[in-house]
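Every number for a ligand or one of its atoms is a count from 1 in the order of the listing.
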Amino acid sequence: MFACSELYPLIKTGGLADVAYNLPRALVQLGHQVRIVLPAYRGLAEVTPPPQPLCRFEIIGYEVALLVSHVPDTTIPLYLIDCPELFNRPGDPYGDGSHPWPDNALRFGLFCRAVVDLVENHCYGDWLPDIVHCNDWQTGLVPLLLADGAANPATLFTIHNLGYQGLFSQQTLAELGLPEEVKGVPLWDFRALEFYGELSYIKGGIVFADAVNTVSPGYAQEVLTPEFGCGLDGLLRHCGARFTGIVNGIDTDYWSPAKDPDIDLNYSVESLADKQANKRGLLARFHLPDDENTLLLGMVSRLTEQKGIDLLLDALPALLDLPLKVVVLGSGEAQYEQRLLVLAAQHPDRIAFHSGYHEALAHRIIAGVDALLIPSRYEPCGLTQMYSQRYGTVPIAHAVGGLRDTIINACGRAVQGESGGASGGEPWDGVAGTGILFDDYSVAGLQGAVASANKLFQHAMLWSCLQLAGMKQDFSWAASAREYNRLYHRILR
Ligand code: ADP
Ligand code: GLC
């Protein structure tokens with residue numbers, strides 16, 4: 001049973017939705033029987049086939065219906081926890097678009113309790129999962145609530161982003177009718193849910209799940225340090241071998257330049273020159289001068305501090321000293337949207353910004369730009385660097401977490417400031433790189449990486465080596481699903 005708070009194509013704010021759609025499908029390929037459970041947000045009752053009510057139950061005074069349907073375009077059963085009072089709202093799963101819903105503790109607490117009811121009472125038939133695979137803080141209370149019953153399924157808790165922890169008031173414990181203690185530990189205790197005076201949902205997963213993982217080996221190492229651990233590094237170190245990292249994959253059919261229906265002209269390693277038509281189309285779409293020979297940078301991202309949008313905004317004026325253009329697609333914090341709008345208005349022939357969430361445009365940008373900027377402060381895995389490599393678009397990224405794990409740096413030595421390189425002073429160390437990584441998280445670091453990209457871009461041969469090496473990487477889900485398979489078996493043993 002895969003429990004999550006987002007699921008592509010039904011409801012998505014970020015990569016979790018992509019993972020929730022693709023990992024279960026890859027697990028089915030390995031012979032697992034997977035079912036998914038999700039809150040019935042507004043509009044989900046209209047999915048095809050229409051969800052059928054299976055049973056009704058009451059949780060802490062709320063009427064809850066269990067609906068069943070299928071994940072679109074699959075045979076995977078989808079359970080929807082329907083409690084209109086809490087989930088039938090406008091906006092995204094977590095808020096009205098600007099602010100988190102004030103009752104998120106209740107909303108996701110009730111969701112967790114409903115998942116547990118579903119598993120313990122299996123009112124949907126006699127299918128009993130061996131493992132409940134929980135994802136992020138929204139499902140953090142599930143491992144806790146399943147920890148005590150000997151007959152209960154085992155649990156895996158996957159951390160997609162340690163920066164979001166689900167911190168609420170102590171009062172929530174009583175509101176949700178949670179037990180006083182679990183496995184002999186009082187819940188309001190630093191060994192359980194208490195976290196510096198607040199109640200932490202993510203701790204429910206980390207403390208009580210049979211195993212815990214995050215979405216890349218690199219991030220799994222980083223979060224053991226105070227710099228990246230968001231206050232939980234000590235607890236994660238304490239997990240020892242119970243905590244591991246498994247890198248995400250991507251849907252290589254959906255993110256395929258050879259088949260993508262959203263882009264202007266399909267292309268592949270055999271017809272890389274056709275990528276250029278997508279660049280022309282993109283420049284025209286954004287009313288930028290049709291100058292194919294200058295570097296076109298893109299960014300497709302949530303606009304939050306994590307993604308380094310503030311670093312890019314600070315660096316942009318200096319970056320414009322180079323002959324390049326930038327296209328940004330993103331939605332998120334108003335302050336960043338505002339600054340992007342101002343910069344785009346100041347430099348209409350150099351910078352374009354599309355505010356909002358737009359799936360097809362994300363494909364067009366990733367196909368049409370020469371390089372994708374991913375200056376994330378931290379990145380548990382990241383998906384767009386893998387999408388971009390598939391499309392022969394060179395990622396320029398901060399060397400952290402999953403970015404470091406999935407991009408082979410073409411400019412190692414030069415970016416570190418050492419001289420030389422196989423081609424005589426150029427930023428190229430001769431290895432089969434697939435992108436450009438920078439270590440120094442500063443305007444100068446980003447500027448250096450973009451300058452290296454621009455130099456490489458002037459050498460058509462070197463640039464196409466980089467593009468082709470990226471396009472040939474295998475980012476399919478199969479390998480990652482096999483690792484999850486091994487982890488599930490380890491948990492069951
Ligand atoms: P995160 O989950 O932290 O946002 P990921 O790189 O794992 O980062 O996943 C982001 C996903 O959301 C990708 O599928 C990316 O294409 C998509 N995405 C982000 N912002 C937008 C946007 N404004 N429009 C369309 N897709 C977006
Ligand atoms: C989170 C992370 C991102 C990761 C995604 C899917 O949103 O920020 O790095 O790729 O989850 O696991």
query: Is any side-chain heavy atom of Thr158 closer than 4.5 Å to a side-chain heavy atom of Thr214?
result: no
message: On a heavy-atom basis, I'd like to know which of Leu383, Asp18, Thr13 is closest to atom 14 (O) of ligand 1.
response: Asp18
field: Donor + acceptor pair across side chains of His160, Asp136 (<3.5 Å)
entry: no
message: For atom 3 (C) of ligand 2, what's the nearest protein heavy-atom neighbour? Residue, atom name and distance, please.
response: Glu379 OE2, 3.4 Å
task: State, without any angle test, whether His133 and Tyr488 hold a side-chain donor-acceptor pair at a distance under 3.5 Å.
output: yes
- line: Checking heavy-atom distances from atom 8 (O) of ligand 1 to each of Gln385, His160, Met299, Lys307, the winner is Lys307
Close side-chain approach of His347 and Leu316, heavy atoms under 4.5 Å: no
Atoms in ligand 2 with a heavy atom of Val19 nearer than 4.0 Å: 6 (C), 12 (O)
message: Looking only at protein heavy atoms, which one is nearest to atom 24 (N) of ligand 1, and what is the separation?
response: His358 N, 3.0 Å
task: Answer yes or no for Gly402: is there a heavy-atom contact with ligand 2 below 4.0 Å?
output: no
- request: Measure from atom 6 (C) of ligand 2 to every heavy atom in Ile246, Leu403, Asn248 and give the option owning the shortest one.
  value: Asn248
task: Run the numbers for me: atoms of ligand 1, each under 4.0 Å from some heavy atom of Gly14, listed by number.
output: 2 (O), 4 (O), 11 (C), 12 (O)
task: Determine whether any heavy atom of Cys381 lies closer than 4.0 Å to an atom of ligand 1.
output: no
- request: Specify the protein heavy atom at minimum distance from atom 2 (O) of ligand 1: its residue, its atom name, and the distance to 0.1 Å.
  value: Gly15 N, 2.6 Å
message: I want to check something: taking the side chain as every heavy atom from C-beta on, are Arg377 and Val400 in contact at a cut-off of under 4.5 Å?
response: no
query: When you look at Gln306 and Glu379, which way does the side chain to side chain donor-acceptor pair (under 3.5 Å) test go after all the steps?
result: CA-CA 8 Å; Gln306 176 202 343; Glu379 196 60 77; 3.2 Å; yes
message: Can you report which non-hydrogen protein atom sits closest to atom 20 (N) of ligand 1, along with the distance?
response: Ser301 C, 3.4 Å
message: Under a 4.0 angstrom heavy-atom cut-off, which atoms of ligand 2 come close to Leu16?
response: 6 (C)
- prompt: Under 4.0 Å from any heavy atom of Val215, which atoms of ligand 2 are there?
  reply: 12 (O)
- prompt: Stepwise, does the salt bridge (Lys or Arg N to Asp or Glu O under 4.0 Å) test hold for Lys12 with Asp92?
  reply: CA-CA 8 Å; Lys12 167 168 165 176; Asp92 69 38; over 6 Å; no
task: State, yes or no, whether a side-chain contact exists between Glu305 and Asp310 at a heavy-atom distance under 4.5 Å.
output: yes
- prompt: In terms of atom number and element, which parts of ligand 1 are under 4.0 angstrom from non-hydrogen atoms of Tyr387?
  reply: 13 (C), 14 (O), 16 (O)
- prompt: In the protein, what heavy atom is nearest to atom 2 (C) of ligand 2, and what distance, to one decimal place, separates them?
  reply: His160 O, 3.1 Å
message: Between Leu236 and Leu162, is there a side-chain heavy-atom distance shorter than 4.5 Å?
response: yes
task: Could you establish whether Lys12 and ligand 1 come within less than 4.0 Å of each other, counting only heavy atoms on the residue side?
output: yes
message: So, 4.0 Å and heavy atoms of Tyr8: is ligand 1 close enough to count as a contact?
response: no
query: Taking all non-hydrogen atoms of both residues, which atom of Tyr484 and which atom of Asn213 are closest, and how far apart?
result: OH-ND2, 3.0 Å
query: On the ring face of Trp101, is Arg89 found with NZ or CZ under 6.0 Å from the centre and within 45° of the axis?
result: yes
task: Distance to 0.1 Å, residue and atom name: give those for the protein heavy atom nearest to atom 15 (C) of ligand 1.
output: Thr384 CG2, 3.7 Å
- request: Around atom 22 (C) of ligand 1, find the nearest protein heavy atom and jot down its residue, atom name and distance.
  value: Tyr357 CD1, 3.5 Å
message: Tell me which pairs pass salt bridge (charged side-chain N to carboxylate O under 4.0 Å, His left out) where either residue lies in residues 221-236, with sequence neighbours left out.
response: Asp233-Arg237
Contact check, side chains of Glu359 and Tyr357, non-hydrogen atoms, under 4.5 Å: yes
task: Return the residue, atom name and 0.1 Å-rounded distance of the protein heavy atom closest to atom 4 (C) of ligand 2.
output: Gly382 N, 3.7 Å
Where ligand 1 meets Ala362 - atom numbers and elements under 4.0 angstrom, heavy-atom basis: 25 (C), 26 (N)
- prompt: Does ligand 1 have an atom that lies less than 4.0 angstrom from a heavy atom of Gly356?
  reply: yes
